[in-house]
Amino acid sequence: MKYNPQEIENKWQSVWNEEDAFNASYGGGKPHFYCLEMFPYPSGNIHMGHVRNYSIGDVLARFKRMQGYNVLHPMGWDAFGLPAENAAIQNNIHPAKWTYANIDNMRKQLKRLGYSYDWKTEIATCHPDYYRWEQLFFLHFYEKGIAYRKKAAQNWCPKCNTVLANEQVIEGECWRCDSKVEQKELTQWFLRITDYADELLADLDKLTDGWPERVLTMQKNWIGKSIGAEIEFELAEGNGAIRVFSTRQDTVFGATFMSISGEHPLLEQLIKGKEQEAAVRAFVEKLRLEAQKNAVGAEAIEKEGIFTGSYCKNPFTGDLMPIFVANFVLAGYGTGAVMAVPAHDQRDFDFAKKYNLPMRVVVQPKDGDLTIENMTEAYSGQGIMQNSGEYDGLDNETAKGRIADWLESNNKGKRTVTWRLRDWNISRQRYWGAPIPMIYCDKCGVVPEKAENLPVVLPMDVQTHPDGRSPLPDTPEFYRCTCPKCGGEARRETDTMDTFVESSWYFARYTGAREEDRAFNPEAVKSWLPVDQYIGGVEHAILHLLYSRFFVKALRDCGFIELDEPFARLLTQGMVLMDGSKMSKSKGNTVDPTSMIAKYGADTVRLFCLFAAPPERDFDWTDSGIEGANRFVQRVWRLAAELVGQLPAAAACSSTADDAKTEAARETRYREHAAIKKAGDDIADRFQFNTAIAAVMELVNHLYLVKEELLQTSEGKKVLASAQASVLAMLTPIVPHMTEELWQLLGFDGRASSQPWPVYSPEAMQRSVITVVVQVNGKLRGKIEVPAETTQAEIEAAALAEPNVKKHTEGLTVRKVLYVPGKLVNVVVS
RNA sequence: GCCGGGAUGGUGGAAUGGUAAACGCAGCGGACUCAAAAUCCGCCGGUCGCAAGACCUUGCGAGUUCGAGUCUCGCUCCCGGUACCA
């Protein structure tokens, strides 16, 4: 019987398809398990990264089903987005047509890999039946103040012709096309994610068991909580005050000047009528131009500033502090003004050196003798207060509290918390996205669309612009509307939503993908969510995962769902590399899954992706590696094919102690059960699919050695049949087509994919003779074989009598003998 | 700079304080074959030794422990994230 993967894979894929083999249903008494992989963007073809991601998810989904869970394992399409528009412009095809054609192709490719998805819950986010609910959420968000409109400087990608959220600017470049991001003043729609900063941070503690630590850390850093104080510095001329935020209010006695951003609201007042006025204006204009050209967050630039001509007063020392406009002060963080403490902050130190400004040491390290003369850099560590009036001699952490108390009781400031997180700009000046359901009326202003008028459907009949500009502002059929309030003529919002809005709730929609009258069935949401296991690339550690966490909390507060966190456990899989670097079309180092499937079959491709490395780690695609995987698949096939017609019908772990009459039979039974324990533990507890597969390989290797002997007796056949069934059961989540076929060929009952995960018995794993390792002073000196029931005293005596052990203990005194039951004896001598 | 992760044979990787190198890949030897491929069986960290065995070996240096790849401390290098965030 020759192994023909194309034939058997097609056969079983049709069977699963006809039988709706993997549909989930809630209720039914079984415990629920929601296994989800990040849905793909329909770019046209799946790549090896998808294969790895979805193979990991499929092993888990199938394994959980075998363990008796009712598993929800859905798939869908993150279908709005720029590539569709760009392809449309290039190939003169409508983005919708391009997108749906790609979906059809990729669905075919996924089906060809035999993934056990519930295709009845498939969704595409570009469909009005999907995004209509998103528009409804937006109306609720608007009503609750979670969605709002504001004018501000925005990240602008000149190539994509649209704004970007902060999270989508990577090292100053657009996350999609790597263009330098510019700043542009625009009025945009925002979601108030900052209102949830506290909860987003605090709830990370609920995820410590199931999420990788580095993802938690990245989110924590991104949210960026800083605890400090706000301090008021009165202007010397008595006409107001500058407020600053500082995490180091303990160093306030060392504040010798003030730095403010070029966009500070008091700047006009500070320079008005001063001789520096013109020069400052020129400097600010220069900064503005540079900011537009230069990427946000590009590498550090030389510190520069200019004196405004005004002074403020240090509330503690009473000293006058010159006020500077400085290029490193961010308008958008804190209050846009910084008290400069050159002795204890490196930036202020550099600035003071450059402009020859005074310094004062106010925190002295333990046994330090810092002076302004001997300092070559700022000291930002802990220490003892000095030059700080009544606070001298205190440690600086204590002083922090006392100074905050003083500020509060003297009305000069207060304790404050500042966040790095900014509100989420969701407006996009592009066509292929979900319309924002808002209307502008000359009479009534900004008016939300009525819920009963949803969905606001994206028009299909539009002419795209070659430069990527959205056609919506030129499409009167779309933007002309009547005001829901006064009935007069009005204009629709023509920006669309960021595609990350769609991916922020799709996991919830899967629980009731065909609901027509509501976004979710609350019962279904409650029974399935949170997602038990989420699997995807670490590149979404901040973007998608932070947005989704926020979105769920916002939906909860609007009464749509009862849920705090969307994903209970997260697995971030590594990349598939080629010659040490990421596969990419431009480098020409890609491997096309379709051609690999054509050559080896889906089972081999799945096996290799799972065996090459543990899931979290990157691995290199190698031709010899997939050859090796194919060799194992063939080896399993041959082993079973040779046994067809010779074995009794059996299930995994069905042989009994009575059947194991010979040494070979006992050993086989032992190894069968040991492999099941190892493979089950590795898959369930650790996602170590590579070692689970290795355990099955060992068992297969053993069966090759003993099969002839076991075929001699009927008891032996029972033992062999049981072990063979176990091999197939264990491999079913990994190479499901082959195991279904072999299960059927061997005449075993039912289907491999509907077998329960085998249960090992401790009795089978008892050995009659055990090997005990003997160490002398921790060094391996021998091994002894003893019957399992030997007492500790007898084992210790045997260990001491072992010839090589004797040699190493001769003439020495035995101080101690340690015994690790069934494993090891360590003789301590001196 | 700060935060996180890592370093084990020729190679991908095992080892949940107790036999370091499981299972693969590559390589070598044997069987089968007219021959080759495929397959099956065996060997495969280093040094010394005829052998029994001894010594060395998990990036480097210390420590805890009867016993450390694993725990602790101090370094080196690599990867990822993030950065004028006050």
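Side chains are part of it too, since the values below use all heavy atoms of this structure and drop only hydrogens, waters and symmetry mates. Here is how names work: the chains are called A, B, and so on, in the same order as the sequence lines, proteins then strands, and each is numbered from 1.
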Could you go over nucleotides 24-30 of chain B and give all protein N or O partners under 3.5 Å, atom names and distances?
from	atom 1	to	atom 2	distance (Å)
rG24(B)	OP1	Asn701(A)	ND2	2.8
rC25(B)	OP1	Arg631(A)	NH1	2.7
rC25(B)	O2'	Ser624(A)	OG	2.9
rA26(B)	OP2	Arg631(A)	NH1	3.4

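- Relative ring orientation between His540(A) and His544(A) is described as perpendicular, the plane-to-plane angle rising above 60° on a 0-90° scale split at 30° and 60°.
- One can place OH of Tyr333(A) at 13 Å from P of rA83(B), the figure rounded to the nearest angstrom.
- Geometric assessment of Arg635(A) against the ring of Tyr704(A) yields a positive cation-pi assignment under the 6.0 Å and 45° thresholds.
- Comparing rU58(B) with rU70(B), their C1' atoms are spaced 10 Å from each other, to the whole Å.
- Here rA54(B) sits opposite rU47(B) as a Watson-Crick or G-U wobble pair (both hydrogen-bonding atom distances under 3.5 Å).
- Between Tyr704(A) and Val828(A), the one whose closest nucleotide on RNA chain B sits nearer the 5' end is Tyr704(A).
- As a whole-Å value, the separation of Glu167(A) CD from rA83(B) C1' is 15 Å.
- Whole-Å rounding puts the Asp345(A) CG to rA83(B) C1' distance at 14 Å.
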With the criterion being N/O to N/O and under 3.5 Å, what pairs connect the protein with nucleotides 44-49 of chain B, and how long is each?
none

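- In this structure a side-chain-to-backbone donor-acceptor pair under 3.5 Å is missing from Ser259(A) to Phe257(A).
- A distance of about 11 Å separates the P atoms of rC71(B) and rG18(B), rounded to the whole Å.
- We find that Glu667(A) and Arg671(A) are joined by a salt bridge, their nearest charged nitrogen and carboxylate oxygen being less than 4.0 Å apart.
- With hydrogens and angles ignored, a donor-acceptor pair closer than 3.5 Å exists between the side chain of Lys303(A) and the base of rC84(B).
- Using a 4.0 Å cut-off between charged side-chain N and carboxylate O, Lys783(A) and Glu802(A) make no salt bridge.
- Spacing of P atoms, rA62(B) relative to rA68(B), comes out at 14 Å, to the nearest Å.
- Lys286(A) has a carboxylate O that lies under 4.0 Å from a charged side-chain N of Glu304(A), or vice versa, which qualifies the two as a salt bridge.
- Aromatic ring pairs are classed by plane angle as parallel below 30°, tilted from 30° to 60° and perpendicular above 60°; the pair Phe351(A) and Phe328(A) is perpendicular.
- Nucleotide rG42(B) has rC28(B) as its partner under the Watson-Crick or G-U criteria, with both atom distances under 3.5 Å.
- Across every non-hydrogen atom of Leu407(A) and Ala229(A), the tightest pair is CD1-CB, 4.2 Å.
- Among the nucleotides rG53(B), rC23(B), rC85(B), the one closest to the side chain of Asn804(A) is rG53(B).
- Under the Watson-Crick or G-U wobble criterion, with both distances below 3.5 Å, rU82(B) is paired with rG1(B).
- Using a 4.0 Å heavy-atom distance criterion, Phe245(A) is classed as a base contact.
- Listed by first and then second residue, the side-chain hydrogen bond (donor to acceptor under 3.5 Å, both in side chains) pairs that reach into residues 617-627 of chain A are Tyr600(A)-Glu627(A), sequence neighbours excluded.
- When rounded to the nearest whole Å, the span between CG of Asp350(A) and P of rG1(B) equals 15 Å.
- Taking a cutoff of 4.0 Å between a charged side-chain nitrogen and a carboxylate oxygen, Glu167(A) and Arg422(A) do not qualify as a salt bridge.
- Following rounding to the nearest Å, Met258(A) (CE) and rA86(B) (P) show an atom-to-atom distance of 16 Å.
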Reading 5' to 3' through nucleotides 14-20 of chain B, protein heavy-atom contacts under 4.0 Å coded B for base, S for sugar-phosphate only, - for none = SS--BB-
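- Taking atom CD1 of Ile542(A) as the reference point, atom C1' of rC3(B) lies 12 Å away to the nearest angstrom.
- Between Arg638(A) and rC40(B) there is a side-chain N or O to OP1 or OP2 distance below 4.0 Å.
- The partner of rC77(B) is rG6(B), judged by Watson-Crick or G-U wobble contacts that both fall below 3.5 Å.
- Base contact: Val329(A) has a heavy atom under 4.0 Å from a base atom.
- Nucleotide rA86(B) holds its C1' atom 5 Å from the CZ atom of Arg347(A), rounded to whole Å.
- Rounded to a whole angstrom, the distance from the P atom of rC77(B) to that of rC60(B) is 15 Å.
- Taking 4.0 angstrom as the limit, Lys779(A) places a side-chain polar atom (N or O) nearer than this to OP1 or OP2 of rC56(B).
- Base pairing annotation: rG67(B) forms no Watson-Crick or G-U wobble pair, as no partner gives both donor-acceptor distances under 3.5 Å.
- The nearest whole Å value for the distance from the CG atom in Leu216(A) to the P atom in rG81(B) is 17 Å.
- Under the 3.5 Å distance criterion, the side-chain polar atoms of Tyr355(A) are matched with a main-chain donor or acceptor of Gly305(A).
- Between rG61(B) and rG29(B), the two C1' atoms lie 43 Å apart (nearest whole Å).
- Between the side chains of Gln219(A) and Arg549(A), a donor-acceptor pair is found at a separation under 3.5 Å.
- At least one donor-acceptor pair under 3.5 Å links the side chain of Arg415(A) to the backbone N or O of Gly401(A).
- OP1 or OP2 of rC3(B) has not a single side-chain nitrogen or oxygen of Arg420(A) nearer than 4.0 Å.
- rG9(B) and rA14(B): their P atoms are spaced 14 Å apart (whole Å).
- Of all nucleotides listed (rC55(B), rC41(B), rC3(B)), rC55(B) comes nearest to the side chain of Arg781(A).
- OP1 or OP2 of rG53(B) has not a single side-chain nitrogen or oxygen of His808(A) nearer than 4.0 Å.
- Partners of Asp682(A) by salt bridge (charged side-chain N to carboxylate O under 4.0 Å, His left out), not counting sequence neighbours, listed by chain and number: Lys678(A), Arg686(A).
- Only the C1' atoms considered, rU16(B) is 32 Å distant from rC2(B), to the nearest whole Å.
- In this structure rG6(B) sits in the anti conformation; its chi angle is more than 90° from 0.
- For residues 241-252 of chain A, the pairs satisfying salt bridge (charged side-chain N to carboxylate O under 4.0 Å, His left out) are Glu230(A)-Arg243(A), Arg248(A)-Asp250(A), with sequence neighbours left out.
- Atom name C1', nucleotides rA22(B) and rC44(B): the rounded distance is 15 Å, in whole Å.
- Position along RNA chain B of the nearest nucleotide to Asn777(A) versus Thr335(A) favours Asn777(A) as the more 5'-ward residue.
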